Visitor: 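Provided herewith is a single structure, encoded as C-alpha cells, for subsequent inquiry.
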Amino acid sequence: MERTFIMVKPDGVQRNLVGEIVSRFEKKGLKLVYAEMTQVTEQLASEHYAEHKDKPFFKDLVGFITSNPSFAMVWEGENAIAIGRKMMGATNPKDSEPGTIRGDFGLTVGKNVIHGSDSQESAEREIALFAGGKPFVDYEKDEDKWIY
Ligand code: RTP
Ligand code: MG
C-alpha cells in the first residue's frame with residue numbers, strides 16, 4: 001500500500017487546523033500510520049526542501065517552517081501520494097480550488113498550511129527524513145472492506 005508524508009505547517013498548527021486536516025484525510029479513507037508534533041530544525045528543513053535551495057524564497061521558507069512546531073504524519077492507502085496532493089490543492093492558494101485544504105484555508109503562498117509529498121521518490125525520502133527509525137503502527141481497519 002502506498003504511503004505519503006503530510007505535514008501541517010506552523011501556520012496550520014497555530015490556526016487550529018490540525019483536527020480539520022486529520023479529519024479530511026480520515027474521511028477520505030486513508031489510514032494514519034504515524035503522527036508527531038515536531039519542531040523542525042534548520043538542518044531538517046534545509047534537507048527537506050533541498051530541491052529549492054537556490055530559489056529566492058528558500059531562506060523565508062526555511063525560516064517559516066522552523067518558526068513554530070509542525071504536525072508531521074504518514075498516511076497510507078491506494079494512490080495516497082496523488083490523492084494527498086489533490087486534497088491539498090495548488091501551491092499558491094490564489095490558484096487552489098475551493099474544497100481543497102489550501103483553497104479553503106490559505107491566502108498566501110508563503111503560508112499555505114500544508115505540505116505533501118509530490119512523488120514516490122519524495123515520499124520515501126521525506127518519510128525517512130522525518131520518521132526514519134520511528135515506530136510505525138501496522139493495523140487493520142474493518143472499514144477497509146467498504147473502501148477497497
Ligand atoms: P510543499 O513542498 O510545501 O508541499 O509545497 P508544493 O510542493 O506545493 O510547492 P513547492 O514548489 O515544493 O514549494 C515549496 C514551498 O515553498 C513555498 N513557496 N514560496 N514565494 C514563492 O514564490 C514560493 N514558491 C513556493 C511554498 O510555501 C511552497 O509550499
Ligand atoms: Mg513541494
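Treat the numbers as computed from the prediction; the structure is a model and nothing was measured. Whatever order the structure lists ligands and atoms in, that order sets their numbers, starting from 1.
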Visitor: More than 12 heavy atoms of other residues, nucleotides or ligands under 6.0 Å from CD of Q39: is that the case?
Guide: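 Enclosed: over 12 neighbouring heavy atoms sit under 6.0 Å from CD of Q39.
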Visitor: Can you tell me which residue among K28, K27, E20 is in a side chain to side chain contact (heavy atoms under 4.5 Å, CB included) with R24?
Guide: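 For R24, the side chain to side chain contact (heavy atoms under 4.5 Å, CB included) check succeeds only for E20.
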Visitor: Please list all pairs meeting side chain to side chain donor-acceptor pair (under 3.5 Å) that have one or both residues in residues 55-78, counting only residues at least two apart or in different chains.
Guide: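 The answer is R3-E76, Q14-N68, H52-K55.
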Visitor: Does S96 use its side chain to pair, donor to acceptor, with the backbone of A90 at less than 3.5 Å?
Guide: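 Indeed, once roles are kept as given, a pair shorter than 3.5 Å links the two residues.
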Visitor: Tell me whether the guanidinium CZ or amine NZ of K31 lies under 6.0 angstrom from the six-membered ring centre of Y139 and within 45° of its axis.
Guide: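 Verdict for Y139: a cation-pi partner in K31.
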Visitor: Using a strict cut-off of under 4.0 Å between a residue heavy atom and any atom of ligand 1, list the qualifying protein residues by chain and number.
Guide: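 The 4.0 Å shell around ligand 1 contains K9, Y49, H52, F57, L61, R85, M88, T91, R102, V109, N112, H115, G116.
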Visitor: Donor-acceptor pair, distance only, cut-off 3.5 Å: does the side chain of R102 make one with the backbone of K94?
Guide: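 Judged by distance alone, no pair lies under 3.5 Å.
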